[in-house]
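Both ligands and their constituent atoms are indexed starting at 1 by order of listing.
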Amino acid sequence: MRRRILLLFPALALPSLTGGAATAQQRPQVVASFSILGDMVGQIAGQRVQLRTIAGPNADAHSFQPRPSDAEALRNAALVVRNGLGFDGWVDRMIRAANYRGPVATATEGLVPRRMEAHGHAHGHGGAEQRQPHAAAPRTAPDPHAWQDPRLGALYARNIARGLAGADPANAAAHQAAGEAYAARLEALDVWIREQLAAVPEAKRVVVTSHDAFGYFGAAYGIRFLAPQGVSTAGEPSAAQVARLIRQIRAEGTTAVFIENMGSPATLERLAREAGVRVRGRLFADALSEPGGPAPTYEAMFRHNISLLVPAMRGEGA
Ligand SMILES: [Zn+2]
């Protein structure tokens with residue numbers, strides 16, 4: 001008789017087998033557009049949500065092409081987390097393709113972005129010599145790389161925590177508290193970075209990288225970042241842009257030249273060779289490393305970049 005009851009009510013029997021614990025199916029699914037946001041969601045939400053990151057470790061999110069299976073992930077999502085400011089616009093296309101109507105948390109919400117000239121060069125970055133003359137006022141676009149300032153990362157954390165609290169109301173207080181604790185850790189990271197950079201004289205705070213990913217980092221810490229490629233990684237820099245940068249590296253005696261973890265290092269390696277300087281390593285710009293790599297988390301990314309930048313700017317081992 002007992003066996004017969006179980007057969008009649010299999011759905012009722014199931015919860016007792018799992019001990020009532022939340023299964024993967026019951027946890028809200030959160031989709032993050034790229035690896036840095038994925039880490040932030042994981043730091044705040046932990047196991048309370050099921051996380052899927054679309055553009056993974058070392059992926060170039062500027063030129064990312066989502067697969068059909070990525071749009072499929074949106075069908076069961078309770079929350080989508082994106083950067084905004086034109087960085088991960090392909091998420092909006094995925095949202096339309098999947099007909100997703102749920103909440104979207106924009107990590108940069110409420111932030112006043114830095115502006116870039118539309119052809120790529122940051123305002124005031126590189127000095128007058130590097131700016132191209134315009135007859136009319138230059139068109140500007142927002143610089144999307146705001147995560148490179150950890151104090152703005154704290155704003156990301158709070159925006160994400162608010163999104164999580166809305167999408168997972170049963171755990172709202174836990175998400176908000178974890179978001180605040182994480183934001184406080186990022187503000188402490190900012191203090192640590194300032195302490196490390198105190199060892200670098202102001203005149204030596206010049207760094208060359210592949211593309212303009214470090215505008216916010218440079219503005220936060222008084223470092224001039226020069227790059228042959230603009231704020232996006234789309235398109236190749238012109239020969240004139242590369243030649244101008246080589247002249248500037250030679251004129252300033254810059255030795256802090258780096259490649260980035262996403263995309264091809266070819267342009268920077270050629271540029272360094274022609275300028276007669278050595279590439280000092282790989283900075284993590286728009287994506288994290290694999291879990292076992294040097295920058296598996298957002299916080300580890302700063303510690304890794306600082307460990308390379310400080311000795312390079314000081315000219316040690318050049
Ligand atoms: Zn970028």
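For the Zn ion (ligand 1), protein N/O/S neighbours under 2.8 Å (waters excluded) are His62 NE2, His145 NE2, His211 NE2, Asp286 OD2.
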Q: Evaluate the criterion salt bridge (charged side-chain N to carboxylate O under 4.0 Å, His left out) for residue pair Arg52 and Asp70; output intermediate values, then yes/no.
A: CA-CA 9 Å; Arg52 168 143 178 179; Asp70 294 326; 3.0 Å; yes

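Scored by the ring-ring contact (aromatic ring centres under 6.0 Å, His included) test, Tyr216 finds no partners at all (sequence neighbours excluded). Applying the side chain to side chain donor-acceptor pair (under 3.5 Å) criterion to Asn58, with sequence neighbours excluded, gives Asn261. Scored by the side chain to side chain donor-acceptor pair (under 3.5 Å) test, Arg158 finds Glu180, Glu187 as partners (sequence neighbours excluded).
Asp286 and His211 are linked by a side-chain donor-acceptor pair at a separation below 3.5 angstrom, with hydrogens and angles left out of the test.
The aromatic ring centres of Phe34 and Phe87 sit less than 6.0 Å apart.
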